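Structure record follows, encoded as structure tokens.
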Amino acid sequence: MLFNSIEFLLFFPIVTILFYLIPHSYRWIHLLAASCFFYMFFVPQYILILLVTIVIDYAAGILMENTEGRRRKVYLVVSIVSTCLVLFIFKYFGFFHENMILLSHKLGFPYPERAVSIILPIGLSFHTFQSLSYVIEVYRKNQKAEHHFGIYSLYVMFYPQLVTGPIERPQNLLRQLRERQYLNSDNIIKGLRLILFGLFIKMVIADNLAEYVDMIYENPAAYNTRSIFTGLFFYSFQIYCDFFGYSTIALGCARAMGFFITDNFKTPYLAKNISEFWHRWHISLSTWFRDYVYFPLGGSRVSIPRWMLNAMIVFVLSGFWHGANWTFILWGFSYGILFILEKLWRQYVKFPQIASVWGNRIWNGLCVIKNFVLVTLIWVLFRATSLSQIKEVAKASITNIGLEDSFVVEPKVWFFLAVFILFDVLIRKSRFDVWCSNIPGFVRWIVYAFMIFSIIVFSSVNNFPFIYFQF
């Protein structure tokens, strides 16, 4: 079920109202049933895949809690391998198969060339990582095993963050699923604010920008350099508003029932370098790789060559997590290179301190612009569907300087993009729901009315699916 659908406008209030009407001891049943319904709205049979991973990791958690020594590690490995195997089959087997065919042609060894078509279940990477965080935390004894199968199932399937995150840790969400939630007007109000803001930036900004981005990527040779770079600029905000919109709606849905889930974004385009950008973008994923991959490899507490390898492993894996395509691997690799170069630059190249306050502001502003330009260029690797399309975009952006084209942007698109950037700056130290609490009431209602009117009148005629659904 899509957050920006008529069905969800009915689903959300019904689920939330019933949640408060049902006695606490039965609420988990209600939420689990609602989450199953929410997920089965896409492809019903894929809930069976979720059930397989849930059973494996639930059992592994209990077995590890009751075991010490080598067997404990065996249960962890079996759980991780089994869960990742499901992810490999549905997300990566086709990629592996296609590349083995190409390799067999080049090296001349026999390999079956039968076509393989496996549909990726929506959100598989997200709930796989959420399950893995549970078994790892139980193994590390940072989390007690959950013996209630229904509560554990709800931890994996909690509908607000089931499909596109944030990737929750058991220490945060499992505890809340057992706590009694009381009807609280502040939770309801702030939850609705977040939902409204998320729908606004998804339907009014991201979806309108998507129309122009798609034009550029469908046929880059038909557009001049200015139009192509406008499309690249638009994509930076399309993917941000699309994913930020989903995450904000998820926060709002959970908050309306008294649950607090992880903020996934903290104004990432105001970051001054690549490291800071990754601390602000898709926070639940970047911290997952930090805690479960980077730190176990040794992090930065090793020699410089080993640290460089550790960082590159994390970024390449992060790229591959996003999709089974060489474009995503190249995307992650590019970030790894920039991350390493920036850190080495800061470590070995010392700049004189700027004494002036305005001098610091100007320097920080230039760093933000530099970082945004780099991120925008790297997004080409993420958006392109193939390596050949990357080449086409790069070639057209250089050679089509004087080409006449039909790329005309409606004024409303520029207006709403400017509005979003203003909001992003205003809430940089807070969040939309909190920011609303700190402004006068009449201004708050003007903001509400503006967003509701904009959603009704200016939403894109095309209902684009959330970008991160494919992951």
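Numbers here simply count residues along the sequence, with the first being 1. All of these numbers come straight from a predicted model, not from anything done at the bench.
- To the nearest 0.5 Å, the span separating OH on Tyr269 from OG on Ser236 amounts to 4.5 Å.
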For a side chain to side chain contact (heavy atoms under 4.5 Å, CB included) check, start with the C-alpha distance between Leu177 and Trp28, then their side-chain angles and the critical distance, and finish with the verdict.
CA-CA 7 Å; Leu177 294 176; Trp28 72 267; over 6 Å; no

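- With Tyr212 contributing its side chain and Glu410 its backbone, the two residues share a donor-acceptor pair below 3.5 Å.
- Aromatic ring centroids of Phe158 and Phe259 lie under 6.0 Å apart.
- A centroid separation of 6.0 Å or more is found between the aromatic rings of Phe229 and Phe233.
- Atom OH of Tyr58 sits about 8.5 Å away from atom NE2 of His148, to the nearest 0.5 Å.
- Annotation: cation-pi pair Lys202/Phe3 absent, no NZ/CZ under 6.0 Å from the ring centroid and within 45° of its normal.
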Checking Leu162 against Phe126 for the side chain to side chain contact (heavy atoms under 4.5 Å, CB included) test, could you report, in this order, the C-alpha distance in whole Å, the side-chain angles of both residues, the deciding distance, and whether it holds?
CA-CA 7 Å; Leu162 168 62; Phe126 285 92; over 6 Å; no

Could you check Phe423 against Ile201 for side chain to side chain contact (heavy atoms under 4.5 Å, CB included), going step by step and ending with a plain yes or no?
CA-CA 10 Å; Phe423 270 122; Ile201 62 177; over 6 Å; no

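- Here the OH-CG distance, from Tyr246 to Asn264, works out to 11.0 Å after rounding to the nearest 0.5 Å.
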Apply salt bridge (charged side-chain N to carboxylate O under 4.0 Å, His left out) to the pair Lys266 and Glu276, showing each step before the final yes or no.
CA-CA 10 Å; Lys266 291 188 183 298; Glu276 188 180 342; over 6 Å; no

With side-chain hydrogen bond (donor to acceptor under 3.5 Å, both in side chains) as the test, would you mind laying out the steps for Asp207 and Ser459 before giving the verdict?
CA-CA 7 Å; Asp207 286 357; Ser459 292; over 6 Å; no

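- A donor-acceptor contact shorter than 3.5 Å is absent between the side chain of Thr248 and the backbone of Gly198.
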Derivation and outcome, side-chain hydrogen bond (donor to acceptor under 3.5 Å, both in side chains), residues Tyr292 and Glu137:
CA-CA 10 Å; Tyr292 302 129; Glu137 291 300 323; 2.6 Å; yes

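- For Gln347, the CD atom sits in a packed shell: over 12 heavy atoms of surrounding residues, nucleotides or ligands are nearer than 6.0 Å.
- The 12-atom threshold is exceeded at CZ of Phe149, counting heavy atoms of other residues, nucleotides or ligands nearer than 6.0 Å.
- A donor-acceptor pair under 3.5 Å is absent between the side-chain atoms of Gln238 and the main chain of Leu209, judged by distance alone.
- To the nearest 0.5 angstrom, His127 atom NE2 is 9.5 Å from Gln130 atom CD.
- Residue Tyr159 is tested with Phe37, Tyr39, Phe11 for a ring-ring contact (aromatic ring centres under 6.0 Å, His included); the sole match is Phe11.
- Phe320 and Phe328 have their aromatic ring centers separated by at least 6.0 angstrom.
- Ionic pairing of Arg255 and Asp186 is present here: one or more N-O contacts between side-chain nitrogen and carboxylate oxygen are shorter than 4.0 angstrom.
- Interatomic distance, Thr262 OG1 to Leu285 CG, rounded to the nearest 0.5 Å: 12.0 Å.
- Taking the six-membered ring for Trp and the full ring otherwise, Phe277 and Phe372 have centroids separated by 6.0 Å or more.
- Shown here is Ile6, whose CD1 atom has no more than 12 heavy atoms of other residues, nucleotides or ligands within 6.0 Å.
- In this structure, the side chain to side chain donor-acceptor pair (under 3.5 Å) partners of Lys370, at least two apart in sequence or on a different chain, are Glu342.
- For Phe243 and Phe265, the distance between ring centers is under 6.0 angstrom.
- Aromatic ring centres of Tyr240 and Phe420 lie closer together than 6.0 Å.
- Exactly one residue among Arg428, Arg280, Lys429 makes a side-chain hydrogen bond (donor to acceptor under 3.5 Å, both in side chains) with Thr267. That residue is Arg280.
- The side-chain heavy atoms of Thr287 and Arg169, taken from C-beta on, include a pair separated by under 4.5 Å.
- Relative ring orientation between Phe458 and Phe416 is described as tilted, the plane-to-plane angle lying within the 30° to 60° band.
- Of the residues listed (Leu87, Thr53, Leu50), the one engaging Leu124 in a side chain to side chain contact (heavy atoms under 4.5 Å, CB included) is Leu87, and it is the only one.
- Scanning both residues, Asn172 and Glu168, for their nearest heavy atoms gives ND2-OE1, 2.7 Å.
- Heavy-atom minimum distance, Leu270 versus Val368: O-CG2, 3.4 Å.
- In summary, the aromatic rings of Phe339 and Trp278 are positioned with their centroids too far apart to meet the 6.0 Å limit.
- Within 6.0 Å of the CH2 atom in Trp414, the count of heavy atoms belonging to other residues, nucleotides or ligands exceeds 12.
- Side-chain rings of Trp445 and Phe442 stay apart, their centers remaining 6.0 Å or farther from each other.
- In this structure, Arg383 forms a cation-pi arrangement with Tyr217, its terminal cationic atom sitting closer than 6.0 Å to the ring centre and no more than 45° off the ring axis.
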For a side chain to side chain contact (heavy atoms under 4.5 Å, CB included) check, start with the C-alpha distance between Tyr468 and Asp242, then their side-chain angles and the critical distance, and finish with the verdict.
CA-CA 8 Å; Tyr468 268 69; Asp242 190 283; 5.6 Å; no

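- With His282 as reference, Trp321 is the one residue of Tyr335, Trp321, Phe244 to meet the ring-ring contact (aromatic ring centres under 6.0 Å, His included) rule.
- Using bins of under 30°, 30° to 60° and over 60° for the plane-to-plane angle, the ring pair Phe382/Trp379 lands in the perpendicular bin.
- Considering Val213, Ile216, Ile239 in turn, Val213 is the only one that fulfils the side chain to side chain contact (heavy atoms under 4.5 Å, CB included) rule with Phe234.
- Once rounded to the nearest 0.5 Å, the distance linking OG of Ser334 with CG of Leu338 reads 7.0 Å.
- Other residues, nucleotides and ligands contribute over 12 non-hydrogen atoms within 6.0 Å of the NE2 atom of His30.
- Qualifying side chain to side chain donor-acceptor pair (under 3.5 Å) partners for Tyr294, counting only residues two or more places apart in sequence or in other chains: Trp307.
- Under the rule for a side chain to side chain contact (heavy atoms under 4.5 Å, CB included), the partners of Asp405 that lie at least two apart in sequence or sit in another chain are Tyr223, Asn224, Ser227, Phe407.
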